[in-house]
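Structure record follows, encoded as structure tokens.
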There are 2 protein chains.
Amino acid sequence: MDAETVIRALGALAQEHRLAAFRLLVQAGADGMAAGAIAERLGVPASSMSFHLAQLGHAGLVSQRRESRSIIYVADYAAMGGLMGYLTENCCAGVACVADTGCSVSDNEERTAA
Amino acid sequence: MDAETVIRALGALAQEHRLAAFRLLVQAGADGMAAGAIAERLGVPASSMSFHLAQLGHAGLVSQRRESRSIIYVADYAAMGGLMGYLTENCCAGVACVADTGCSVSDNEERTAA
DNA sequence: CCGATATTTCTATAATTATCGAAATATAGA
DNA sequence: TCTATATTTCGATAATTATAGAAATATCGG
């Protein structure tokens, strides 16, 4: 992942509604979530949410598929993984940051809010 | 680390010169680097670099200390670790992203494949 | 104190990003 | 086809962020 892509991804996540939307999509998993459902859940007008979802898409962090009248957005785990990898290697002195948060992630309660 | 802090940190890194500066500081370690050295290295005017370093500071990603006439900036690993922790827990479905990049970070070449 | 160096703050301007209503597009069902 | 639903695109505006020269501040050596 090159620096430009990383910057786009960081910029995409560096906004209240987009970070919230992406978290929602990560929780939703492969089923994803309809644009309207995200907008309603976050209390953001549809056209604004559409703008933000497009930004996430342009950054490669989400993909979309049409399903009847809805457009379903899905988090792209590989892209997020790429971002994490870049940050780990280039912004964390190799070990410090990740080791610090505990590398075996599976034991937390981070999935309870599904 | 709360969402607002995370957004500030992401926004701080989501800019060419700031990401480059932060990478430089991570490499420099505890010795840090003088503002002028960073500016020169990146080919950015001093006043512009000062603006960007202030943004990184405001986001808590760097600290500074005066050393004679220079102001030395130092990367804050704990802050970066906090950011990584938040992303891992909230934006990575718990495991996928980090596991994907190889959790034992100490070896360098795990990132060649997307 | 003075002159040189290092950096920040000030100021103005340019560029980018966010907001959201209204209009346009796509789909579905009667 | 007509109408309702879901979402995007358009367009206008507001807000934020970036750029960089000039002036101000701090420190040092003499």
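Below, chain A is the first sequence line, B the second, and so on; all start at residue 1. Side chains included, hydrogens not; waters and symmetry mates left out as well; all remaining heavy atoms used.
A single hydrophobic cluster is seen to contain both A:Ile7 and B:Met84, as judged by linkage of ILVMFWY side chains at heavy-atom distances under 4.5 Å, directly or through other members. Cluster annotation: A:Leu61 is connected to A:Leu42 through the hydrophobic network of ILVMFWY side chains, with a link wherever side-chain heavy atoms come within less than 4.5 Å.
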Report task. Any chance you could lay out the side-chain contact (heavy atoms from CB on, under 4.5 Å) test for B:Thr5 and B:Leu83, step after step, and finish with the verdict? Result -> CA-CA 9 Å; B:Thr5 307; B:Leu83 175 59; over 6 Å; no
Before giving the answer on side-chain contact (heavy atoms from CB on, under 4.5 Å), spell out for B:Leu87 and A:Leu87 the whole-Å C-alpha distance, their side-chain angles and the decisive distance to 0.1 Å.
CA-CA 11 Å; B:Leu87 293 178; A:Leu87 293 178; 4.3 Å; yes
Checking side-chain contact (heavy atoms from CB on, under 4.5 Å) for the pair B:Val26/A:Asn90: CA distance, chi angles, key distance, verdict?
CA-CA 8 Å; B:Val26 165; A:Asn90 293 279; over 6 Å; no
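Using a distance-only test at 3.5 Å, with no hydrogens or angles considered, a donor-acceptor pair links the side chain of B:Arg18 to the main chain of B:Ala12. No donor-acceptor pair closer than 3.5 Å links the side chain of B:Tyr86 to the backbone N or O of B:Cys91. Between the side chain of A:Arg23 and the backbone N or O of A:Leu25 there is no donor-acceptor pair closer than 3.5 Å.
Between A:Ser47 and C:dT19 there is no side-chain polar atom (N or O) within less than 4.0 angstrom of OP1 or OP2. Close to D:dA6, at under 4.0 Å from its OP1 or OP2, lies no side-chain N or O of A:Tyr73.
Between the CE atom of A:Met49 and the P atom of D:dT8 there is a distance of 10 Å, rounded to whole Å. Remark: P of D:dA6 and CG of A:Leu53 are 16 Å apart, rounded to the nearest angstrom. When the P atom of C:dT17 is taken as reference, atom CG of A:Leu13 falls 14 Å away, rounded to whole Å. A straight line from CG of A:Leu56 to C1' of D:dT8 spans 16 Å, rounded to a whole angstrom. Distance A:Arg65 CZ to D:dA6 P: 17 Å, rounded to the nearest Å. In this structure, B:Ile72 places its CD1 atom 11 Å from P of C:dA6, rounding to the nearest Å.
Residues passing the side-chain hydrogen bond (donor to acceptor under 3.5 Å, both in side chains) test with A:Glu4, sequence neighbours excluded: none. Take A:Asp31 and apply the side-chain contact (heavy atoms from CB on, under 4.5 Å) test, not counting sequence neighbours, and it matches no residue.
Residue contacts for A:Ser50: at a heavy-atom cut-off of 4.0 Å it reaches a base atom on one of the strands shown.
Residues from residues 28-40 of chain A placing a heavy atom under 4.0 Å of any atom in DNA chain D, listed by number, are A:Ala34, A:Ala35, A:Gly36.
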For nucleotides 13-18 of chain D, give me every protein contact, N/O to N/O, under 3.5 Å, one pair per line with atom names.
residue, atom, partner, partner atom, Å
D:dA18, OP1, B:Arg18, NH1, 3.2
D:dA18, OP1, B:Arg18, NH2, 2.8
D:dA18, OP2, B:Arg18, NH1, 2.9
D:dA18, OP2, B:Gln55, NE2, 2.9

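Listed by first then second residue, pairs satisfying side chain to side chain donor-acceptor pair (under 3.5 Å) with a partner in residues 53-64 of chain A number zero, not counting sequence neighbours.
If A:Ala46 and B:Ser48 are placed on DNA chain D by their nearest nucleotide, the residue sitting closer to the 5' end is A:Ala46.
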Contact string for nucleotides 23-30 of chain C, one letter per nucleotide 5' to 3', B = base within protein heavy-atom range under 4.0 Å, S = sugar-phosphate only, - = neither, reads ---SBS--
